[in-house]
Asks: 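I am attaching a structure below and will ask some questions about it afterwards.
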Amino acid sequence: MNIHEHQAKELLSSYGVTVPLGAVAFTPAEAGAAAASIMEKTGGHMVIIKAQIHAGGRGKGSFREHPDAGLAGVNVVASGQTSLMGERMTELAEKMLGSTLVTVQTGPSGKVVNRVLLEAAVDIAQELYLAIQLDRRIARPVLLASTEGGVEIEQVAAESPEKLHTEVIDPAVGIRPFQLRRLAGRLGLTGKAASSYVDLARRLVAAAGELDTELLEINPLVINASGEALALDAKLSFEDNALYRHPEIAGLRDESEEEPAETVARKAGLNYVKLDGRIGCMVNGAGLAMATMDTVEHYGGSPANFLDVGGDTDEERVATGFRIITADPNVRGIFVNIFGGIVHCDVIAKGVLAATEQVGLSVPLVVRLEGTNVELGRRIIAESGLGVISATNMAEGARRIVELCR
Ligand code: ADP
Ligand code: MG
């Protein structure tokens with residue numbers, strides 16, 4: 001699960017991570033008032049307005065509705081007077097809120113901006129990169145750091161890997177002070193900047209561990225003109241399986257940023273991930289679901305989704321899953337592949353029927369059922385009059401649905 005930058009900064013502040021003074025706004029008037037108040041509190045003349053969407057690249061992004069307005073997802077306003085600052089920010093926020101921001105990370109369809117972050121402008125001396133993520137090969141979190149802040153890290157890794165420094169974090173003892181000092185040295189930091197960096201990085205590592213993040217990315221992490229390290233951007237992605245330990249974080253979810261079908265699925269207790277292919281797959285068990293996707297690919301097809309209806313599923317949940325698949329306009333055919341251990345095949349058959357009665361069925365459907373109550377399940381499907389093609393094993397089912405979708 002992802003959260004917004006302003007939420008991430010609030011969470012990180014509670015770990016003592018330094019961030020610029022800021023406030024979130026949902027309306028133009030709120031944005032204007034927040035900008036004026038930031039100016040008064042800091043005595044600075046520049047305030048930043050940042051679109052809050054679950055995607056990066058905002059600084060270089062543009063709005064679909066304002067293509068030549070010189071408006072990006074991150075903008076700066078300078079003014080000597082708080083009243084003028086308030087007016088200018090209100091106008092800017094009016095343009096940004098409700099408009100669609102397109103960045104390299106949103107893809108061409110972009111994302112609608114529903115909130116903005118107003119923030120004191122920082123006098124940047126140096127932009128760095130820092131991330132904490134899991135390295136699955138060594139099964140440990142690693143700290144990644146680079147002097148190339150503000151740049152896509154994939155580009156740094158590809159073009160100048162020598163600028164990417166790594167420290168492995170021992171989950172039992174955390175990161176050790178010498179590792180952080182070594183890192184600061186490799187980044188060329190000295191004096192106050194080095195000690196401030198070490199302190200900030202230590203707090204970020206603690207936050208990542210306690211909050212169960214999959215990814216914590218600060219890009220850029222800046223050193224300001226007086227040698228202090230600050231988090232200027234913040235991205236936090238949480239491990240979904242650990243969210244039950246953090247109800248306050250689960251409450252930060254913004255459904256408007258998520259794939260609508262995935263939200264419906266999550267609420268129904270289904271494990272669904274939308275993909276770009278053409279063949280809808282409904283399977284029980286994550287392992288079988290993965291194998292089904294591979295088999296579909298093997299026969300030249302492309303899966304439209306991953307869907308695990310679970311072990312102790314019921315008719316309603318199966319029907320919800322089936323409706324989600326049929327609602328995807330990319331789907332040209334559906335493959336139901338069930339190995340009934342705990343789940344009963346007749347429950348699956350009834351769920352599929354209930355869904356097709358409601359929403360109809362306009363694409364070919366191949367069903368492979370095996371296991372508990374298989375005879376009953378097959379009979380329900382056969383007598384449904386839906387023209388369902390049944391397969392006796394996974395390979396045959398995958399091959400048939402791929403053929404039918406051609
Ligand atoms: P994104 O990664 O989506 O482009 P960032 O938050 O990284 O958005 O902002 C883009 C750039 O804008 C940063 O690299 C930095 O140069 C500048 N910036 C962002 N916030 C501030 C701020 N509070 N003060 C000064 N510059 C900022
Ligand atoms: Mg950034």
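Whatever order the structure lists them in is the order used to number ligands and atoms, beginning at 1. Starting from 1, each residue takes its place in the sequence as its number.
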Asks: Taking 2.8 Å as the upper limit, name the protein N, O or S atoms near the Mg ion (ligand 2).
Replies: Asn219 O, Asp233 OD2
Asks: With sequence neighbours excluded, give me every side-chain hydrogen bond (donor to acceptor under 3.5 Å, both in side chains) pair touching residues 139-150.
Replies: none
Asks: Where is the tightest heavy-atom contact between Gly150 and Asn219, given as atom of each residue plus distance?
Replies: N-OD1, 2.6 Å
Asks: With the criterion set at N/O pairs under 3.5 Å, what does the list of contacts between the protein and ligand 1 look like, atom names and distances included?
Replies:
| unit_1 | atom_1 | unit_2 | atom_2 | d |
| --- | --- | --- | --- | --- |
| ligand 1 | 2 (O) | Asp233 | OD2 | 3.0 |
| ligand 1 | 3 (O) | Gly57 | N | 3.1 |
| ligand 1 | 3 (O) | Arg58 | N | 2.8 |
| ligand 1 | 3 (O) | Arg58 | NE | 2.7 |
| ligand 1 | 3 (O) | Arg58 | NH2 | 3.4 |
| ligand 1 | 4 (O) | Arg58 | N | 3.1 |
| ligand 1 | 4 (O) | Gly59 | N | 2.8 |
| ligand 1 | 6 (O) | Lys50 | NZ | 2.7 |
| ligand 1 | 6 (O) | Arg58 | NH2 | 3.1 |
| ligand 1 | 6 (O) | Asp233 | OD2 | 3.4 |
| ligand 1 | 7 (O) | Asn219 | O | 3.1 |
| ligand 1 | 7 (O) | Asp233 | OD2 | 3.0 |
| ligand 1 | 8 (O) | Arg58 | NH2 | 3.1 |
| ligand 1 | 14 (O) | Glu127 | OE1 | 3.2 |
| ligand 1 | 16 (O) | Glu127 | OE2 | 2.6 |
| ligand 1 | 20 (N) | Lys50 | NZ | 3.3 |
| ligand 1 | 23 (N) | Glu119 | OE1 | 2.9 |
| ligand 1 | 23 (N) | Ala120 | O | 3.1 |
| ligand 1 | 24 (N) | Val122 | N | 2.9 |

Asks: Consider only side-chain N and O atoms of Glu396 and Thr392, and report whether a donor and an acceptor are under 3.5 Å apart.
Replies: yes
Asks: Between Asn75 and Gly70, what is the shortest heavy-atom contact and its length?
Replies: OD1-O, 4.3 Å
Asks: Taking atom NZ of Lys163 as the centre, report whether more than 12 heavy atoms of other residues, nucleotides or ligands fall under 6.0 Å from it.
Replies: no
Asks: Can you confirm whether Arg400 is buried at CZ, in the sense that more than 12 heavy atoms of other residues, nucleotides or ligands lie under 6.0 Å from that atom?
Replies: no
Asks: Apply salt bridge (Lys or Arg N to Asp or Glu O under 4.0 Å) to Arg332 and list each qualifying residue two or more places apart in sequence or on a separate chain.
Replies: none
Asks: Taking salt bridge (Lys or Arg N to Asp or Glu O under 4.0 Å) as the criterion, tell me which of Arg58, Arg115, Lys235 meets it with Glu5.
Replies: Arg58
Asks: Would you call Lys95-Glu91 a salt bridge at under 4.0 Å N-O?
Replies: no
